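Here is the structure we will look at, set down as structure tokens.
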Amino acid sequence: MLKLYNTRTRRVEEFRPLHPPHVRIYVCGLTPSAEPHIGHFRTYLFFDVLRRYLEHLGYDVRYVQNVTDIDDRSIARAMDTGEHWYDIVRGFYAMFKDAWRKLGLLPLDAHNEPYATRFIPQIQIMISELIGRDLAYVARDGIYYRVSKFAGYGALSNRNLEELQAGARIEIDEFKEDPLDFALWKFAKPGEPNWPFEGYGAGRPGWHIECSAMARELLDQEGCGFDIHGGGADLIFPHHENEIAQSEPLMRSPPMSNFWVHGGLLLHESKKMSKSLGNFEPVGGLLERHDPQAIRLLFLQTGYSKVMNFTEGSITAAAAGLQRLKATYRSLALAGAPSTPQSSGALVARIEQVMGEDMNTAAAIAELHRGAAPEEFGQFIYALQLLGLSPSQQWMEHAQLELPDDLAQKLVRELGPTVALNGAEPQEAVAHVIALRTKARAQKDWTESDRLRDALARAGVALEDSKDGTTWTVRP
RNA sequence: GGCGACGUAGCCAAGUGGUAAGGCAGAGCUCUGCAAAAGCUCCAUUCCCCAGUUCGAAUCUGGGCGUCGCCUCCA
């Protein structure tokens with residue numbers, strides 16, 4: 001049982017696949033024309049958990065997430081820098097995939113990660129069909145969709161044409177019939193990348209048509225729709241509205257997607273992160289400073305569809321919460337509780353109850369914070385995995401981050417050259433200082449003992465004494 | 001101007017009619033040479049404001065105030 005908020009109907013509805021046990025999902029992916037930011041990952045982390053949860057419910061999920069590897073911005077950037085436009089795309093997309101892996105998202109591969117430029121024939125066929133239906137026309141600089149011809153335009157975003165006309169901003173393009181019309185194909189200007197289009201002219205696809213064409217090709221060749229179409233809330237208009245306009249008139253049985261699910265935007269200093277404002281927080285730097293699982297936990301602690309304000313301090317707070325989850329895990333593991341993941345039982349049932357209500361991951365995490373009985377350990381682990389927070393060996397060591405490379409130098413600076421650390425590996429340096437401290441403690445030389453501990457602390461290494469000896473962890 | 005979302009403790013946040021989850025921070029205790037880590041305990045008579053509906057409202061209705069988003073490339 002899963003209820004989901006459906007943007008199309010503006011209601012929370014029970015999710016039922018069109019063709020159980022298959023579930024087909026299309027999520028709008030990245031346009032790699034700028035550095036990927038943390039806002040992107042709020043959306044994809046949510047769909048990752050949705051995917052996991054649908055699989056938990058026993059569905060066979062086909063998840064497709066596209067790559068918009070051709071767009072105006074990367075071309076403009078190439079003109080500025082002199083790089084090849086596709087090197088720019090490749091570079092940013094590699095950064096995206098690197099963060100994707102670090103954050104533990106379920107993998108994308110050739111079958112569920114279509115690139116727009118590899119679907120040019122399908123895009124062109126679709127454009128031809130739209131022209132044939134009088135839903136598109138050829139203008140001087142490109143081929144446009146004739147919005148006034150599609151009666152359903154505005155249904156998804158709850159707008160009507162009059163409102164849109166009234167609110168339309170000044171139109172730069174002189175060649176369109178109507179300011180609301182949007183490009184399906186842009187004829188190439190000199191020096192721009194282009195693909196031939198028999199009968200019309202070489203150029204490149206507009207932004208919206210690729211999704212319609214790829215969704216049809218990969219998820220809905222019968223023209224009867226698929227189950228879930230997702231993306232960030234900023235895509236509702238115009239992108240998803242335009243996708244519907246392109247796809248539904250050509251379908252045997254609309255709607256294009258039964259459910260439309262949108263992730264709430266992530267704000268930065270109470271403003272939306274966007275390419276045009278340039279106020280985004282790149283994900284790469286955050287992943288160097290924080291445990292990726294803390295970032296995941298942070299997002300899952302807020303309802304997926306709510307607007308959320310991002311601060312780096314909130315990751316630190318989430319990291320502290322993650323430590324508690326790890327501590328629960330550790331104490332159960334050390335107590336010898338059976339650790340085989342268990343997909344059913346009372347604890348999992350409580351998780352299902354809240355997740356079933358429009359994916360209430362925050363309540364699910366609250367449930368995990370209440371702890372688990374030893375016999376529920378397997379369920380506890382299963383629930384963590386369901387949220388993408390798979391425990392690793394690191395959880396037993398409650399390590400937070402890697403040791404800094406320059407640790408030995410830092411320690412020499414703190415402690416003075418009398419300590420023989422020059423050139424030592426970070427691990428050795430820590431072990432050496434701990435050994436010195438253990439000796440001092442044995443002689444009850446608390447001053448020296450505390451001096452060594454403070455020096456390590458300032459270098460980012462926290463000590464923990466126990467009956468069995470001294471252990472350490474890295475703290476930012 | 002049109003459309004929409006949100007406003008819950010110091011901070012983040014769940015909760016859509018039955019009497020306020022959870023996390024962070026903070027306080028106390030246990031443990032410790034002292035710490036740290038861990039554990040335990042405490043921490044909103046109250047949910048932006050004002051009216052109303054109801055036996056009963058954070059939750060429903062109306063009206064304010066405030067913040068943000070979409071209407072332009074955007075996850």
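We name chains A, B, ... by the order of the sequence lines, and we start the count at 1 in each one. Here the structure is a predicted model, which is why all the values come from computation and not from measurement.
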Exercise. Taking only the side-chain nitrogens and oxygens of A:H369, find out if one of them lies under 4.0 Å from OP1 or OP2 of B:rG22.
Key: no
Quiz prompt | Inter-nucleotide C1' distance (B:rU19, B:rU45), Å rounded | solution = 11 Å
Quiz item: Separation of A:L267 atom CG from B:rG4 atom P, in whole Å?
Solution: 20 Å
Quiz item: How is A:G230 classified with respect to the nucleic acid when contacts are heavy atoms under 4.0 Å: base, sugar-phosphate, or nothing?
Solution: nothing
Quiz item: Closest to the A:L265 side chain: B:rG69, B:rA14, B:rC68?
Solution: B:rG69
Quiz prompt | d(CD1, A:I315; P, B:rC12) in whole Å | solution = 15 Å
Quiz item: Rounded to whole angstrom units, what separation is found between the CD atom of A:E281 and the C1' atom of B:rA75?
Solution: 16 Å
Exercise. Considering only atom P, compute the distance from B:rU32 to B:rU46 and round it to an integer number of Å.
Key: 43 Å
Practice problem: Tell me what A:R437 touches on the nucleic acid: a base, only sugar-phosphate, or nothing, going by heavy atoms under 4.0 Å. | Solution: base
Exercise. Measure centre to centre between the rings of A:F377 and A:Y329, then say whether the value is under 6.0 Å.
Key: yes
Quiz prompt | Whole-angstrom distance between B:rA27 and B:rA9, as gauged at atom C1' | solution = 15 Å
Quiz item: Think A:N158 has a side-chain N or O under 4.0 angstrom from the OP1 or OP2 of B:rG4?
Solution: yes
Self-check item: Per A:R453 side chain, nearest of listed nucleotides B:rC34, B:rA37, B:rC68
Solution: B:rC34
Practice problem: List for me each residue that meets ring pair (Phe, Tyr, Trp, His ring centres under 6.0 Å) alongside A:H56, sequence neighbours excluded, and say none if there are none. | Solution: A:Y53, A:Y382
Quiz prompt | Nearest-Å distance once atom C1' is located in both B:rC49 and B:rU8 | solution = 15 Å
Quiz item: So which nucleotide does B:rG33 pair with, by the Watson-Crick or G-U wobble rule with both distances under 3.5 Å?
Solution: none
Quiz item: Want to settle it: does A:R73 or A:S305 sit nearer the 5' end of RNA chain B, counting the closest nucleotide to each?
Solution: A:S305
Self-check item: Centroid separation A:F96 to A:Y93 less than 6.0 Å
Solution: yes
Practice problem: Figure out the CG/C1' separation between A:N309 and B:rC6, and round it to whole Å. | Solution: 12 Å
Practice problem: For B:rA57 and B:rA38, measure between their C1' atoms and round to the nearest Å. | Solution: 42 Å
Exercise. Ignoring backbone atoms, test whether A:R324 places a side-chain nitrogen or oxygen under 4.0 Å from the OP1 or OP2 oxygen of B:rG23.
Key: yes
Practice problem: Tell me what A:T311 touches on the nucleic acid: a base, only sugar-phosphate, or nothing, going by heavy atoms under 4.0 Å. | Solution: nothing
Quiz item: Starting at the 5' end of RNA chain B and moving along, which residue's nearest nucleotide shows up first, A:D234 or A:A366?
Solution: A:A366
Self-check item: Given B:rC71, B:rC34, B:rG39, the nucleotide with the shortest approach to the side chain of A:R159
Solution: B:rC71
Quiz item: Looking at A:N160, does any N or O in its side chain come under 4.0 Å of the phosphate oxygens OP1/OP2 on B:rG2?
Solution: no
Quiz item: Any side-chain N or O of A:K306 less than 4.0 Å from the OP1 or OP2 oxygen of B:rA14?
Solution: yes
Quiz item: Hey, does A:M308 reach any base, or is it just sugar-phosphate, or nothing, if we go heavy atoms under 4.0 Å?
Solution: nothing
Quiz item: Contact class for A:G39 (heavy atom, under 4.0 Å): base, sugar-phosphate, or nothing?
Solution: base
Self-check item: Separation of B:rA75 P from A:F92 CZ (nearest whole Å)
Solution: 13 Å
Self-check item: Strand partner of B:rA9, provided both Watson-Crick or wobble distances fall under 3.5 Å
Solution: none
Practice problem: Could you tell me whether A:Q301 contacts a base, only the sugar-phosphate backbone, or nothing, with contacts defined as non-hydrogen atoms closer than 4.0 Å? | Solution: sugar-phosphate
Quiz item: Base, sugar-phosphate, or nothing: which does A:L266 touch, judged by heavy atoms less than 4.0 Å apart?
Solution: base
Quiz item: Between A:L452 (CG) and B:rC34 (C1'), how many Å, whole number?
Solution: 15 Å
Quiz item: Expressed as a whole number of Å, how far does the P atom of B:rG1 sit from that of B:rC48?
Solution: 26 Å
Practice problem: Return the nucleotide paired to B:rC40: Watson-Crick means purine N1 to pyrimidine N3 with N6-O4 or O6-N4, wobble means G-U with N1-O2 and O6-N3, both under 3.5 Å. | Solution: B:rG28
Practice problem: Could you tell me whether A:R159 sits above the aromatic face of A:F237, with NZ or CZ closer than 6.0 angstrom to the six-membered ring centre and within 45 degrees of the axis? | Solution: yes
Quiz item: Is a donor-acceptor pair below 3.5 Å formed from side chain A:S331 to base B:rG39, judging by atom type as modelled?
Solution: no
Quiz item: If we call it a pair only when both distances are under 3.5 Å in a Watson-Crick or G-U wobble match, what pairs with B:rU59?
Solution: none
Practice problem: Look only at the side chain of A:E192 and the backbone of A:K189, and say whether a donor-acceptor pair between them is shorter than 3.5 Å. | Solution: yes
Quiz item: Roughly how far apart, to the nearest Å, are B:rC47 and B:rA20 at atom P?
Solution: 12 Å
Quiz item: Mind checking who B:rG4 pairs with, Watson-Crick or G-U wobble, both distances under 3.5 Å?
Solution: B:rC68
Self-check item: N/O donor-acceptor pair under 3.5 Å between A:E376 side chain and A:A373 backbone
Solution: yes
Quiz item: How far does the C1' atom of B:rA14 sit from the matching atom of B:rC31, given to the nearest Å?
Solution: 34 Å
Practice problem: May I ask you to check whether A:Y144 and A:F175 place their ring centers less than 6.0 Å from one another? | Solution: no
Quiz prompt | Sugar-phosphate, base or nothing in reach of A:L235, heavy atoms under 4.0 Å | solution = sugar-phosphate
Quiz item: For the side chain of A:Q293 and the backbone of A:S390, is there at least one donor-acceptor N/O pair under 3.5 Å apart?
Solution: yes
Quiz item: If you check every side-chain atom of A:V307, which of B:rC68, B:rG33, B:rC70 has the closest atom?
Solution: B:rC68
Quiz item: Side chain of A:L164: nearest nucleotide among B:rC71, B:rA38, B:rC34?
Solution: B:rC71
Quiz item: What's the CZ-P distance between A:F310 and B:rU67, to the nearest Å?
Solution: 23 Å
Quiz prompt | Nucleotide nearest A:A362 when distance is taken to its side chain, options B:rA38, B:rA75, B:rA13 | solution = B:rA13
Self-check item: Among B:rA14, B:rA25, B:rG39, the nucleotide that comes nearest once only the side chain of A:N360 is considered
Solution: B:rA14
Quiz prompt | Parallel, tilted or perpendicular: rings of A:Y153 and A:F182 (30°, 60°) | solution = parallel
Self-check item: Between B:rC68 (P) and A:H268 (NE2): distance, integer Å
Solution: 15 Å
Quiz item: Less than 5.5 Å between centroids and less than 30° between ring planes, does A:W446 satisfy that with B:rG33?
Solution: yes
Quiz item: Which part of the nucleic acid does A:Y44 contact within heavy-atom distance under 4.0 Å: base, sugar-phosphate only, or nothing?
Solution: sugar-phosphate
Quiz prompt | Residue A:D465, side-chain heavy atoms: nucleotide from B:rA38, B:rA75, B:rG33 that is nearest | solution = B:rG33
